[in-house]
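Treat the numbers as computed from the prediction; the structure is a model and nothing was measured.
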Amino acid sequence: MKKVLLVDDESNILLAVTMCLEGEGYEVITAVDGVEAVGLAFDSEPDIVLLDVRIPKLNGFLVCKALKEDARTKEIPIIFLSARAEEEDIRKGLSLGAVDYLVKPIEPDDLIDRVKNYLTK
C-alpha cells in the first residue's frame with residue numbers, strides 16, 4: 001500500500017483529502033505543522049507528500065526545501081495543495097523541487113489522477 005503524507009492545518013481539508021485517498025487504497029498519515037511534517041517524512045518514508053504552503057511553525061516552502069536537501073527524502077515527490085494561486089508562489093514551489101502545485105479548492109478526481117501519475121513514475 002502506497003503511503004501519502006498529507007500536511008495541512010485545516011481539519012476539514014485533512015478529513016476530505018484523507019477520505020478521498022483512503023477510498024483509493026492509499027495509507028494516509030497527516031501532519032498539521034511544518035516541524036511535524038519533516039519529522040514524519042523522515043520517520044515514515046512516505047511515497048508522496050501533499051503539502052500546504054500556509055502551515056504553522058515551518059511554512060510549506062521551508063518543509064519542501066528541507067525534504068529536498070536530505071538524502072532520505074529528496075526523491076519523494078511533493079505536490080503543493082494551496083489556496084495561494086499567485087504565479088510567484090507556484091514558481092517558488094516548483095523551483096524548490098515540487099513536482100506539481102494544485103490550487104484549492106481541488107477536485108477529488110484531479111487530485112487522485114495527479115497522485116497516481118507521480119507514484120507510477
Side-chain angles (χ1 to χ4, degrees):
M1 177 181 296
K2 296 285 188 179
K3 190 183 308 178
V4 178
L5 172 56
L6 172 60
V7 186
D8 202 302
D9 62 332
E10 294 183 41
S11 59
N12 60 333
I13 299 288
L14 289 175
L15 181 62
V17 174
T18 296
M19 289 174 55
C20 178
L21 293 169
E22 287 179 347
E24 293 293 319
Y26 295 103
E27 177 185 351
V28 181
I29 53 175
T30 60
V32 296
D33 67 57
V35 172
E36 183 183 21
V38 171
L40 279 172
F42 290 160
D43 292 342
S44 65
E45 300 177 6
D47 296 291
I48 194 166
V49 176
L50 304 179
L51 179 60
D52 190 11
V53 173
R54 289 189 199 145
I55 50 174
K57 298 187 182 177
L58 287 176
N59 70 42
F61 294 133
L62 293 173
V63 171
C64 183
K65 187 175 187 303
L67 296 181
K68 290 301 175 182
E69 289 178 348
D70 192 282
R72 295 170 289 181
T73 53
K74 69 179 183 180
E75 299 300 324
I76 298 171
I78 297 173
I79 300 175
F80 277 104
L81 306 179
S82 180
R84 295 178 65 146
E86 295 82 15
E87 193 62 38
E88 179 183 334
D89 291 324
I90 295 169
R91 272 199 305 275
K92 183 174 183 176
L94 297 174
S95 73
L96 288 169
V99 295
D100 212 336
Y101 191 112
L102 301 176
V103 177
K104 295 176 186 173
I106 300 154
E107 288 295 323
D109 289 343
D110 190 27
L111 177 62
I112 294 298
D113 288 345
R114 304 283 181 110
V115 169
K116 284 180 181 175
N117 179 48
Y118 292 112
L119 287 177
T120 57
K121 288 189 175 191

Return all side-chain donor-acceptor pairs below 3.5 angstrom for residues 17-28, not counting sequence neighbours, or 'none' if the list is empty.
residue, atom, partner, partner atom, Å
T18, OG1, L14, O, 2.6
E24, OE1, K116, NZ, 3.3

What pairs of residues pass the salt bridge (Lys or Arg N to Asp or Glu O under 4.0 Å) test when at least one of them lies in residues 4-19, not counting sequence neighbours?
D8-K104
Tell me, which pairs form a ring-ring contact (aromatic ring centres under 6.0 Å, His included) where one or both residues lie in residues 89-121, sequence neighbours left out?
F80-Y101
Would you say V53 and L111 are hydrophobically clustered, going by side-chain heavy atoms of ILVMFWY under 4.5 Å?
no
Does L94 belong to the same Ile/Leu/Val/Met/Phe/Trp/Tyr cluster as L51, with side-chain heavy atoms less than 4.5 Å apart forming each link?
yes
Go through the structure and list residues passing salt bridge (charged side-chain N to carboxylate O under 4.0 Å, His left out) with K2, not counting sequence neighbours.
none
Counterpart residues, side-chain contact (heavy atoms from CB on, under 4.5 Å), relative to D113 (two or more places apart)
none
Determine whether D52 and I13 make a side-chain contact, defined as any pair of heavy atoms from C-beta on separated by less than 4.5 Å.
no
Are V63 and V7 close enough that some pair of their side-chain heavy atoms sits under 4.5 Å apart?
no
Roughly how far apart are L5 CG and L50 CG, rounded to 0.5 Å?
8.0 Å
Which residue in the set V99, L67, I48 passes side chain to side chain contact (heavy atoms under 4.5 Å, CB included) when paired with I78?
L67
F61, V103: one ILVMFWY side-chain cluster at the under-4.5 Å cut-off?
yes
Sequence neighbours excluded, the answer for side chain to side chain donor-acceptor pair (under 3.5 Å) partners of R114 is D100, D110
Residue pair A31 / L40: nearest heavy atoms and the distance that separates them:
CB-CD1, 3.9 Å
Is there a path of hydrophobic side-chain contacts, each under 4.5 Å between heavy atoms, that joins I79 and L6?
yes
Under a 4.5 Å side-chain heavy-atom rule over Ile, Leu, Val, Met, Phe, Trp and Tyr, are L119 and L81 clustered together?
yes
Which atom pair, heavy atoms only, marks the closest approach of E36 to D33?
N-OD1, 2.7 Å
Please list all pairs passing the side chain to side chain donor-acceptor pair (under 3.5 Å) test where one or both residues lie in residues 59-79, with sequence neighbours left out.
K65-E69, D70-R72
Working to the nearest 0.5 Å, report the span between CD1 of I29 and CD of E45.
10.5 Å
Any side chain to side chain donor-acceptor pair (under 3.5 Å) involving residues 84-99? Give me the pairs, sequence neighbours left out, ordered by first then second residue.
R84-D89
I need the T30 OG1 to L15 CG distance, nearest 0.5 Å.
10.5 Å
Looking at every non-hydrogen atom in both residues, tell me the closest pair between G60 and I55 and how far apart they are.
N-CG1, 3.8 Å
